[in-house]
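A short worksheet on the structure shown next.
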Amino acid sequence: MRLGINLGYWGAGMDGDNLAVAQEADRLGYDVCWAAEAYGSDAPTVLAWVAAKTERIDVGSAIMQIPARQPAMTAMTAATLDSLTGGRFRLGLGVSGPQVSEGWYGVKFDKPLARTREYVEIVRKAMTRERLSYDGEHWTLPLPGGPGKPIKLTVHPQREHIPLYIAAIGPKNLEQTGEIADGALLIFPSAEHLEETALRHLRAGREKAGLTMDGFDVCPTLPLALGDDVTALADVFRPYTALYVGGMGSRKQNFYNQLAQRMGYEKEAAEIQDKYLAGDKTGAAAAVPHSLIDQTALLGSVERIAERMTAYAEAGVTTLTLAPAGFTLDERLAALRAGVEAMERAGLA
């Protein structure tokens, strides 16, 4: 099992800290550094900056939002970053959610699975540097009856095949991800529930494509907090968990809430959402069960974190991405180093 680092969103007042975290992860031998985007900083700009300031670590988008860009633009960006970084780029994609897709980008959030499949097909075809033509339900290239003609990418990526990941939560999305992608970006992963909530669906998709799980990257992101009081550490993540389980998407379309339900927290997930949508964010955070946080984060001493890492490796995780917590840069760097120490103690390095 390899280690990754997720910087989250740029522009949150920790920009210099984020760069220092990325550089320390590079020095420590972390495998990949991911950056996110929502409706603030964009991932490609951040990744170009990080890649220019590091030497070995891969850089990846977690995620580049599908409604934000035409697929050919994403292929251009991926090829450019792969060329500039000497083959260190990983392309992570996702449909985002209905609020961002329709409210920020003005793109209707409908048929996300079909749109993702077509998007991936166009991106991959464009990056082969063949002349691009495509006839699908959501994209037709070139547009018929006009002056457009099939053209090809002029940038030469460093590699013939750039690893492509999809952020997936729901069963159908996970199955399709197994079928069409090289890896899956997972959030709120529980080692105890990983088989039924994710792996069996990914495996079904791989089988549909005539493939096995060999070479497929199962890549969840987990917060990591170092300390002796596990309960106090978990409490730090209550607002974060409540935001996703209670406030992301709409009442009918909250993928994180549905995931919590599949993990056995049906009643609790409903209570968190009811309170959050009613404006009671404090009550929603208080309603988050300690066990839900503890199962989806790495909390405690290095020894305890090592035990949890072993559980994830045994469950089938191939790249464990850490989001080191801390109120200061020193705390975040300490958590980053603890991740490496825990891997070594677990015998996974």
Do Q273 and V245 pass the side chain to side chain contact (heavy atoms under 4.5 Å, CB included) test, and can you show the C-alpha distance, the side-chain angles, and the key distance before you say yes or no? CA-CA 7 Å; Q273 187 177 62; V245 175; 6.0 Å; no
Do E179 and R206 have side-chain heavy atoms sitting under 4.5 Å apart? no
Side chains of T319 and D217: is there a donor and an acceptor less than 3.5 Å apart? yes
Hey, is the main chain of Q176 close enough, under 3.5 Å, to the side chain of R117 for a donor-acceptor pair? no
Side-chain donor/acceptor of H193 to backbone N/O of M263, under 3.5 Å: yes
Among F216, W34, F89, the one residue meeting ring-ring contact (aromatic ring centres under 6.0 Å, His included) with Y165: W34
For residues 63-76, pull every pair meeting side-chain hydrogen bond (donor to acceptor under 3.5 Å, both in side chains), keeping only residues two or more places apart or in separate chains. E37-R69, Q65-S96, Q65-Y105, Q70-W139, T74-Y119
If only atom types and distance count, is the side chain of T310 paired as donor or acceptor with the main-chain N or O of A306 below 3.5 Å? yes
Within this structure, what is the CG-OG1 distance for the pair L186 and T197, rounded to the nearest 0.5 Å? 8.0 Å
Using atom types as modelled and distance alone, determine if a side-chain donor or acceptor of K125 lies under 3.5 Å from a backbone N or O of S133. yes
Side-chain donor-acceptor pair under 3.5 Å between T212 and R203, yes or no? no
Using a strict 4.0 Å threshold on nitrogen-to-oxygen distance, state whether R345 and E307 make a salt bridge. no
Charged N to carboxylate O below 4.0 Å: is that the case for E137 and R115? no
Separation between CG (D235) and CD1 (I293), nearest 0.5 Å, reads 6.5 Å
Please check if the number of heavy atoms outside D228 that lie under 6.0 Å from its CG is greater than 12. no
Side chain of E331, backbone of F327: donor and acceptor closer than 3.5 Å? yes
Give, for atom OG1 of T318 and atom OH of Y312, the distance between the pair rounded to the nearest 0.5 Å. 14.0 Å
Side-chain heavy-atom pair Q99, Y39 within 4.5 angstrom cut-off: no
When you check the side-chain N and O atoms of N18 and R332, is any donor under 3.5 Å from an acceptor? yes
R200 bridged to E196 by N-O distance under 4.0 Å: no
Side chains of D182 and H161: does their closest heavy-atom pair fall under 4.5 Å? yes
Assess the side chains of N257 and Q261: does a donor N or O sit below 3.5 Å from an acceptor N or O? yes
With heavy-atom distances below 4.5 Å as the criterion, would you say the side chains of M76 and V155 are in contact? no
Would you say the rings of F188 and Y240 are close, in the sense that their centroids are separated by under 6.0 Å? yes
Heavy-atom donor-acceptor pair, S83 side chain to A79 backbone, under 3.5 Å: no
For E160, all residues meeting salt bridge (Lys or Arg N to Asp or Glu O under 4.0 Å), sequence neighbours excluded: none
Side-chain ion pair, D294 and R308, N-O less than 4.0 Å: no
Determine, using the 4.5 Å side-chain heavy-atom cutoff (strictly less than), whether I187 and V100 are members of one ILVMFWY cluster. no
E175/K208 ion pair, N-O < 4.0 Å: yes
Applying side chain to side chain contact (heavy atoms under 4.5 Å, CB included) to L3 and L322, what does each step give before you reach the verdict? CA-CA 7 Å; L3 280 181; L322 308 181; 4.1 Å; yes
Ignoring hydrogens and angles, tell me if any N or O in the side chain of S301 forms a donor-acceptor pair with the backbone of R304 under 3.5 Å. yes
Salt bridge check, D58 against R90: does any charged N sit closer than 4.0 Å to a carboxylate O? yes
Nearest 0.5 angstrom please: H290 NE2 to L233 CG, how far? 9.5 Å
Mind checking whether L47 and S61 have side chains closer than 4.5 Å, heavy atoms only? yes
I would like to know whether V21 and I5 meet side chain to side chain contact (heavy atoms under 4.5 Å, CB included); could you show each step before the answer? CA-CA 9 Å; V21 168; I5 175 74; 3.9 Å; yes
Is there a side-chain contact between L199 and M213 (heavy atoms, below 4.5 Å)? yes
Stepwise side chain to side chain contact (heavy atoms under 4.5 Å, CB included) test for T296 and L222: CA-CA 6 Å; T296 56; L222 289 93; 5.7 Å; no
Check whether R238 reaches the backbone of V288 with its side chain - one donor and one acceptor, N or O, closer than 3.5 Å. yes
Rounded to the nearest 0.5 Å, how far apart are CD of Q295 and CD of E192? 5.0 Å
Can you check whether P171's main-chain N or O pairs, donor with acceptor, with R262's side chain at less than 3.5 Å? no
Ignoring hydrogens and geometry, is there a side-chain-to-backbone donor-acceptor pair from S101 to V107 under 3.5 Å? yes
Using a 6.0 Å cut-off, check whether atom CG of L113 has over 12 heavy atoms from anything other than its own residue. yes
Are any of the side-chain heavy atoms of L132 and P150 separated by less than 4.5 Å? no
Ion pair check, E271 and K267, cut-off under 4.0 Å: no
Do the side chains of I166 and L185 get nearer than 4.5 Å, heavy atoms only? no
Between the side chains of D31 and R2, is the shortest nitrogen-to-carboxylate-oxygen separation below 4.0 Å, so that they form an ion pair? yes
